[in-house]
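Because only heavy atoms are used, hydrogens play no part in the values below, and waters and symmetry mates are left out as well, while side chains stay in.
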Amino acid sequence: MLSDKEVIYELHTHNIRPDQGDKYIANYEETVKLIESRQPKSNLDLVGSWTVTVGDLDQALHLWRYKGGFASVDKVKQSLNEDKKYQLLVKERGNYLRSRHLQYLLAFSYWPAIEARGGKNLYEIRSYSLKPGTMIEWGNNWARAVNYRRNNNEAFAGFFSQIGRLYNVHHIWCYSDLQSRKETRESAWRSPGWDECVAYTVPLIREMQSRILLPTSFSPTQ
C-alpha cells in the first residue's frame, strides 16, 4: 500500500573522527568509483552523498538504490564480499570512523519521484521515530500533506525503514539556501490544510530530528 517493494534503498550513516574527515571522504569516493566499475547501475546506484553541516557534525550520509528487491541486495552483497579491493577500502575506512549505522528503506509511493538536482543546493533530512503501529496513519496524512510542498520542487525523497531502526521515517528536502528554506516553510504554513495535516501527525511521533546536509563532490545529486 505504501511503496514499491522492488526498489530497496540503503542509507549509511557514518560518524567520522573529527581529524579524519578528508581521508574518509577520499576513501568513500574511491569506494563509489570501485562499485560503479563493478556493478551495473541496473543493480545498484548511488542516489546521494552528503556531509552534515548543521545537526550531528562529523557525520556523512550515503543513499544507495537497489532495483530488483532484496534478491538484488543479496546478489550485490555477495559480489562485494568477494571483492578484495572493496574489502580493503572498507577495512581502511574503519580507521576514520567512530561508529556507523545501516538501514534498508522503502520509498513512500505518494512522494514525488527522486530526481538528481543540479546547481548548488543544500538538503534537509528530517527523521522521525514513530509509535509502533502508526505507519499507515502517517502515510495517509502525508499523502495529502506533501501536496502542499510541491510548488518549489523542494520534496526530494521520503522513506520508511524496513531493516535497522524500525518505525523510522526520513523526509529529504532540497533548498537553494537556508533563507529559501525559511521562506518555503513559511509559505506552507499559509496554505489552508497544512496545519491540519501537521496536527494529525504530531501525536504519532516519539522523537524527531533535523539535519542540514551538503552534497559531496561525487554525489550524483547536487
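Two residues are said to be in side-chain contact when any heavy atoms from C-beta on lie closer than 4.5 Å; Leu213 and Leu122 fail this criterion. The shortest side-chain heavy-atom distance between Ser210 and Glu124 falls under the 4.5 Å cut-off. In this structure the side chain of Thr51 reaches within 4.5 angstrom of the side chain of Ile25, judged on heavy atoms. Using a 4.5 Å heavy-atom threshold, the side chains of Trp189 and Val198 count as touching. Contact check for Trp50 versus Val52: no side-chain heavy atoms found under the 4.5 Å cut-off. Between Asn95 and Lys23, the closest side-chain pair of non-hydrogen atoms is not below 4.5 Å.
For Asn43 and Ser72, the side-chain atoms include no donor-acceptor pair closer than 3.5 Å. Under 3.5 Å, the side chains of Arg38 and Ser79 contain no donor-acceptor pair of N or O atoms. Under 3.5 Å, the side chains of Thr216 and Glu29 contain no donor-acceptor pair of N or O atoms.
Aromatic ring pairs are classed by plane angle as parallel below 30°, tilted from 30° to 60° and perpendicular above 60°; the pair Phe160 and Phe108 is tilted. Ring geometry, Tyr28 versus Trp64: the interplanar angle falls from 30° to 60°, so the pair is classed tilted. The aromatic rings of His171 and Trp173 sit perpendicular, their planes meeting at an angle over 60°, well past the 30° parallel limit.
A donor-acceptor pair under 3.5 Å links the side-chain atoms of Asn27 to the main chain of Leu89, judged by distance alone. With hydrogens and angles ignored, the 3.5 Å screen pairs a side-chain donor or acceptor of Ser219 with a backbone N or O of Ser49.
Residues that satisfy the salt bridge (charged side-chain N to carboxylate O under 4.0 Å, His left out) test with Arg100, not counting sequence neighbours, are absent from this structure.
A salt bridge between Lys77 and Glu10 is present, with a side-chain N of the basic residue lying under 4.0 Å from a carboxylate O of the acidic one.
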